[in-house]
2 protein chains.
Amino acid sequence: MATSIADRAYGTIRADIVFGRLSPGARLRLDRLADVYGASVSTLREILSRLSSEGLVIAEGQRGFRVASVSPAGFEDVAAMRLLLETYALPLSFSAGDLEWESRVVAAHHKLAFMERRMLAGDQKDTELWKRYDREFHQSLIEACGSQTLLDLYGSVFDQYLRYQMVAVVFRGEIAAEEHRTLLDSVLTRNADRACAVLTQHVNGCVAYTLESGALV
Amino acid sequence: MATSIADRAYGTIRADIVFGRLSPGARLRLDRLADVYGASVSTLREILSRLSSEGLVIAEGQRGFRVASVSPAGFEDVAAMRLLLETYALPLSFSAGDLEWESRVVAAHHKLAFMERRMLAGDQKDTELWKRYDREFHQSLIEACGSQTLLDLYGSVFDQYLRYQMVAVVFRGEIAAEEHRTLLDSVLTRNADRACAVLTQHVNGCVAYTLESGALV
DNA sequence: ATTTTCAAAATATCAGATAATTTGATTAAT
DNA sequence: ATTAATCAAATTATCTGATATTTTGAAAAT
């Protein structure tokens, strides 16, 4: 048994929230979850407690748990936080990253670009995998920043951001792909300023696009 | 019964970690904790899970929990994160805060200043209360920033920072008190730039002072 | 010294049980 | 007809005690 029951259920529930299979605001009844995820009520409570301090779940007094709700303001808030952390970390990572790091970025971009080409070709079924690669790429960009605290916070913020993106399954296709390529290029030329500028545009563009789509109203 | 058993125990354990009554690295044996904090093992696990996603506790595979350990690098890391969040939020709060907010800051500073005078007069026994007021003052400064996500992250980061300060019970007396006065004054004149500059000095000074004290080695 | 072995301790997880709270529907009162 | 009061069912919070794994540490063997 590689991982514990709790870890497995934690990962599944978390993904179910992030990818929208558990809708925003949905009540999370303990006994029902226990059935679905094959873990006991006590274990479930542990998991939901963890998720609630990550902001994906809300614990309401004596009224149990529910999936955190979404709002346009919430998206802008989370996006701003993502930008703050990521633009802070990018220059640090760019100046501290070695060849080992650089090649991890190249590898992450390779996977992401492959997926983007597939999506552009009309194959929309692996949205989830695509988003996973998106996350891994962005994470790899800042991985060499040297601050574990920042990377932890970023992980939590990114998944909240991701959930918003998924609520309105938005594929901005060539625009985003181009921005990702520019980001990769800035890594190879170690141009942190350019990377920050593109990233800001990347995130703000995505937020604007999503909000305009009306999916969050 | 105003608050639940879990909430009460959570608060107590958290304070015990932040204020050093539970030492960095100490193992947290479940049955022992259950005795001490008057909660069952299942409830304890819930609490420790929460604390572990806040970074105050480490969950080690199948080996239970322990208090997160400390290191000079960890302090610098957390301090940098605190500065990032706080200097980002200060200008926002300064421009969005109304009179209601301003008066909350004045009130928080009043309590903090009172405590600082007492500590300067040689009465070192209420260190914990002093730190609580310190926290409340800084929290109040950014409270009007408009981002709940930021305030949540800040709360978690601040307590990690606080723990480092408490490990080396450092009272920088008049220096810190002066900086707090300057911060209050910047609120009243809405000078965010000055506030950020003072804050940066405040935090960096405290980190340097603590590291030099050798308490973290 | 290093490795192997094995019992004791601790953890992860579960399945009920109990008390307190919340929810919703029903009834009573304005 | 709306609001308020009432009450049983559902749900949660919490505990106890049980089982299966894992980890730990000491003793034995190499």
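Lettering of chains follows the sequences in order, A, B, ..., and the numbering in each one begins at 1.
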Q: To the nearest 10°, let me know how far the axis at one end of the helix from C:dA1-D:dT30 to C:dT30-D:dA1 is tilted from the axis at the other, five pairs an end.
A: 30°
Q) Just how far, in rounded Å, is P of D:dT12 from CG of A:L48? A) 10 Å
Q. Taking the six-membered ring for Trp, is the centroid-to-centroid distance between B:Y88 and A:Y88 below 6.0 Å?
A. no
Q. In whole angstroms, how far is the C1' atom of C:dC14 from the CZ atom of A:R45?
A. 15 Å
**Q.** Proximal nucleotide (of D:dT11, C:dT13, C:dT11) relative to the A:A6 side chain
**A.** C:dT13
Q: Rounded to the nearest angstrom, tell me the gap between atom CG in B:L44 and atom P in C:dT13.
A: 16 Å
Q: Round to the nearest Å and state the distance from B:R50 atom CZ to D:dA13 atom P.
A: 11 Å
Q. Any idea which of C:dA12, C:dT11, D:dT14 is nearest the A:S4 side chain?
A. C:dA12
Q. Is it the case that more than 12 heavy atoms not belonging to A:E100 sit under 6.0 Å from its CD atom?
A. no
Q | 5' precedence on DNA chain C between B:R29 and A:Q62 (nearest-nucleotide basis) | A | B:R29
Q: Taking the six-membered ring for Trp and the single ring otherwise, decide whether the centroids of B:F114 and B:Y133 are under 6.0 Å apart.
A: no
Q | side-chain N/O B:S42 vs D:dA13 OP1/OP2, d < 4.0 Å | A | no
Q | d(CZ, B:R63; C1', D:dT22) in whole Å | A | 10 Å
Q. What integer distance in Å separates A:D31:CG from D:dA9:P?
A. 17 Å
Q | Distance under 6.0 Å and angle within 45° of ring axis: B:R27 vs B:F65 | A | no
Q: Could you tell me how the ring of B:F137 sits relative to the ring of B:H180: parallel (under 30°), tilted (30 to 60°) or perpendicular (over 60°)?
A: perpendicular
Q. Relative to A:Y154, does A:R82 satisfy both conditions: NZ or CZ under 6.0 angstrom from the six-membered ring centre, and within 45 degrees of the ring's axis?
A. no
(Q) What is the distance, to the nearest angstrom, from the OH atom on A:Y10 to the P atom on C:dT13? (A) 14 Å
Q: To the nearest Å, give me how far apart CG (A:L28) and C1' (D:dT11) are.
A: 13 Å
Q) Among D:dT23, C:dA12, D:dT14, which is the nearest nucleotide to the side chain of B:F65? A) C:dA12
Q: Quick one: sort the B:H138 and B:F158 rings into parallel, tilted or perpendicular, breaks at 30° and 60°.
A: tilted
Q: Please tell me which of B:R27 and B:S40 maps to the more 5' nucleotide of DNA chain D, matching each residue to the nucleotide holding its nearest heavy atom.
A: B:S40
Q. Between D:dT14, C:dT22, C:dT13, which one does the side chain of B:T43 approach most closely?
A. D:dT14
